[in-house]
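Take a look at the structure below.
Only this structure's heavy atoms are used, side chains among them; waters, hydrogens and symmetry mates stay out. All ligand and atom numbering here is 1-based and tracks the order in the structure.
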Amino acid sequence: MDSKQIRSTFLEFFQSKQHRIVPSAPMVNKDDPTLMFTNAGMNQFKDYFLGNKKADFTRVADTQKCLRVSGKHNDLEEVGIDTYHHTMFEMLGNWSFGDYFKEEAIQWAWELLTEHFKLPKDRLYVTVFEGDTDDNLSPDEEAFKLWSRILPEDRIIYASKKDNFWEMGDTGPCGPCSEIHVDLRSEKEVAETPGRELVNNDHPQVVEIWNLVFIQFNRMANGSLQPLPDKHVDTGMGFERLAMAIQGKRSNYDTDVFQPLIQQVAKDAGIAYGKAEETDIAMRVMVDHIRAIAFAIADGQLPSNTGAGYVIRRILRRAVRYAFTFLNLKEPYLYRLVAVLNEQMGEFFPELKAQEAFISKVIQEEEAAFLRTLETGLRRLNELISSGSKAISGPVAFELYDTFGFPLDLTGLIARENGLTVDEKGFSAEMQKQKERSKKAAVTEAGDWVAVKGGSEKVDFVGYTQLEAKARIVKYREVKEKNKTNYQLVLDKTPFYAESGGQVGDTGYLTDGKEKIRIIDTKKENDLIVHFAERLPQQPEAEFTAVVDADKRRYTQNNHTATHLLHAALRKVLGEHVQQKGSLVNEQLLRFDFSHFAKVTDEELKKVEEMVNERIRQNIQLLEECDVALEEAKKKGAMALFGEKYGDTVRVISFDPAYSVELCGGTHVTATGQIGLFKIVSEGSVSAGVRRIEAVTARAAEEMVREQQENIEQLKALLKNPKDLTAAVQGLLDERNKLAKELEKVQQQQAGELRKELAAKVQETDGIQLLIERVSLPSADALKTISFELKNQFDRLLMVLAADIDHKPQISVVVAEALIQEKGLHAGNLVRELAKEIKGGGGGQPFFATAGGKDINGLDKVIEKAKLIAKQ
Ligand code: SER
């Protein structure tokens with residue numbers, strides 16, 4: 001079977017067992033503060049397990065894009081080095097939400113593997129949970145018994161909590177599990193060592209392929225286990241490992257999932273895969289990482305400097321670094337693999353296919369930027385090497401790592417090649433310091449939820465139609481942040497909109513008639529609406545009136561509707577390739593990021609602004625349709641975003657069905673006329689292939705126009721009320737340019753004279769043409785020019801110029817080639833020594849170097865010191 005058949009066989013098998021097949025959730029998580037990326041198939045079902053939400057279907061199966069590069073499940077360092085771990089991988093899974101349990105899960109797993117995928121029965125091993133005294137859990141004898149009906153007991157192995165108690169993260173759903181391992185070694189190897197001994201022993205051909213988790217507990221923040229109301233099944237099978245087993249390969253990378261990518265890299269690098277360990281690892285790293293990067297971008301996560309974006313950036317850099325160092329690929333290359341990947345996976349994952357050009361553009365620019373950084377870092381290293389250093393200190397190695405993206409092993413490699421050592425301990429110490437710094441910066445500790453008597457579990461959002469509602473607190477928890485404590489509240493009914501789809505969360509207050517509790521923000525946590533309160537009410541069980549800040553909400557929804565009008569206008573003016581890549585909507589402004597490869601011209605911006613304002617004047621009524629089937633909404637032409645998780649039914653917001661139709665959960669004006677006025681404030685680039693427009697509406701737009709008007713009035717007044725303001729400013733600029741040119745001419749003449757004067761002062765003794773002088777010059781450039789002119793005029797020159805440049809001290813040192821050769825003089829070293837006198841620093845090459853400083857009074861001392869050095 002090829003990998004496509006394997007995927008469909010899995011899904012069809014569970015379909016035949018009455019499972020509903022659902023799409024993969026996005027790989028990048030938005031509404032779960034405990035998880036940056038989807039790290040397991042069960043993530044999207046967390047609320048079903050915890051009982052926060054009821055599932056529409058109790059049996060579900062899918063293939064889920066997972067990424068294990070941060071947090072509890074992090075395989076990054078293994079990837080490429082071994083042959084069976086990945087950053088991104090597909091996890092095939094089947095779930096029971098309080099429906100079937102261990103018996104069916106075990107029975108079906110065996111049936112699928114042995115009858116449909118035809119894996120040899122005698123090469124399969126299973127593990128079951130041996131129990132744990134800390135958690136007061138007994139061995140999973142039930143699972144053992146069920147398995148022993150299927151396979152001999154010597155192939156069922158009890159294993160510890162580490163391997164056989166699965167947890168999503170530090171908190172959340174968990175339970176004992178049973179893993180299926182496969183032995184893919186040759187007959188000869190099997191005869192020598194029984195597979196049983198190699199299970200859970202990091203053997204590349206005796207690997208886990210499927211994990212059956214029996215979810216029964218919730219791990220609390222205090223470390224205890226709380227039994228869940230129902231029992232559930234969560235299984236996850238590594239798709240790439242399964243392909244290896246079915247296709248009879250010894251490495252995931254030898255399957256058809258990776259081979260097309262590997263062969264492309266091998267061809268382009270001109271090195272065969274399988275030739276040497278070092279180049280093989282590099283190829284594996286690249287073809288693994290390109291998948292993670294491409295799918296992350298497809299799901300809306302661009303590489304950046306913080307959070308999830310930074311994780312993606314680091315993965316990309318790891319791949320570039322391997323390509324650069326081991327395959328000699330010194331130009332952007334990875335982006336070219338996106339096309340190959342799309343061939344393989346685009347059919348099943350439309351988000352990849354639809355954005356292929358965008359994804360490769362983003363990767364190409366990111367690669368180019370990193371390659372430049374790599375080169376700057378390399379230059380920095382070379383300077384160190386040529387200055388005669390014998391070691392790279394911890395702080396320098398860390399700077400290379402932190403600022404220039406140089407991993408320590410690369411620094412080590414280059415250092416070794418040049419006979420230098422690296423202070424690895426010092427590096428680790430710096431790293432530790434940084435970790436502690438960032439830990440201090442972000443300590444938030446969330447306690448466990450405390451249930452409040454009398455509340456129900458179901459949260460009802462009434463904020464589309466009401467800004468006030470009677471509500472009770474269902475549960476609350478304490479959140480410690482640096483030196484303050486906040487409270488998070490969940491209400492049974494709420495008018496508060498939780499931040500999502502770019503729209504900020506509502507603020508307002510709760511009152512029970514006796515006290516008023518301010519709500520400073522509202523956010524989602526999966527499907528919960530969490531209110532951030534400054535303090536806890538004295539009587540949490542009382543009935544409250546929840547009141548939303550109406551002004552803030554009104555201005556915010558002006559901006560939200562305007563964002564929809566803008567999105568539609570951009571697609572009409574720039575083209576259908578425009579995709580939303582990010583948005584922020586608050587009471588002050590709207591910010592909209594979208595894919596587009598060129599600067600939006602002034603002409604285009606004008607058209608967009610006019611189009612939006614025209615729609616505002618048309619006073620188009622809001623058309624809100626709830627519970628529309630996703631497919632039906634898409635047929636209506638509703639714009640869905642890649643990387644968003646949509647349910648089976650969605651909310652559709654239209655302002656003129658022929659103009660703007662979007663899937664959206666946000667709040668909007670009832671008719672566009674309420675927006676008043678729309679003004680674009682700025683347009684610019686955010687990152688490769690992504691533009692950003694900021695705009696304001698209503699009162700803020702009026703203010704902006706008024707301010708501009710006032711500015712113009714002030715300018716006019718300054719220029720004595722000219723008839724034509726533009727012409728007047730242009731006249732000023734022309735005059736200024738003319739004067740600048742004349743000034744430059746005069747300065748050049750002066751410099752010419754100065755050079756002649758200086759040349760006359762050069763004194764020759766003992767084969768050295770010596771010149772040490774104090775000068776006054778208009779710019780650093782002038783100093784450089786004059787230094788080079790004199791350097792060219794004399795062939796045994798040793799010159800120090802101590803310059804006063806607009807009251808700032810600057811030194812230039814020139815050493816003729818001959819003196820470098822004969823006397824070992826070095827301009828860079830000299831200038832560093834002299835710069836101490838002006839409290840400054842600098843450097844350069846052996847023949848020419850400059851330094852700036854802070855103390856103009858030190859210039860005379862520079863002269864003295866230079867004379868002393870010259871004498872020596
Ligand atoms: N959650 C389990 C895992 O990730 C099984 O799906 O291994």
Is there any protein N/O under 3.5 Å from an N/O of ligand 1, and what does the full list of such pairs look like?
residue: ligand 1; atom: 1 (N); partner: Asp234; partner atom: OD1; Å: 3.4
residue: ligand 1; atom: 1 (N); partner: Asp234; partner atom: OD2; Å: 2.7
residue: ligand 1; atom: 4 (O); partner: Arg68; partner atom: NH2; Å: 3.0
residue: ligand 1; atom: 6 (O); partner: Asp234; partner atom: OD1; Å: 2.7
residue: ligand 1; atom: 6 (O); partner: Thr235; partner atom: O; Å: 3.3
residue: ligand 1; atom: 6 (O); partner: Gly236; partner atom: N; Å: 3.0
residue: ligand 1; atom: 7 (O); partner: Trp166; partner atom: NE1; Å: 3.4
residue: ligand 1; atom: 7 (O); partner: Asn211; partner atom: ND2; Å: 3.0

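Between His116 and Phe13, the ring planes lie perpendicular to each other; the angle is over 60°, past the 30° to 60° tilted range. Between Phe258 and Tyr253, the ring-plane angle classifies as tilted under the 30° and 60° cut-offs.
Considering Tyr158, Phe214, Phe165 as possible partners of Phe129, the one that fulfils the ring pair (Phe, Tyr, Trp, His ring centres under 6.0 Å) test is Phe165. When Glu240, Arg241, His86 are each tested for a side-chain hydrogen bond (donor to acceptor under 3.5 Å, both in side chains) with Asn252, only one passes: His86.
Dense packing is recorded around CD of Gln5, with more than 12 heavy atoms of other residues, nucleotides or ligands lying under 6.0 Å away.
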List, one per line, each side-chain donor-acceptor pair under 3.5 Å for residues 640-649, sequence neighbours excluded.
residue: Glu644; atom: OE2; partner: Lys30; partner atom: NZ; Å: 3.4
residue: Tyr646; atom: OH; partner: Leu641; partner atom: N; Å: 3.0

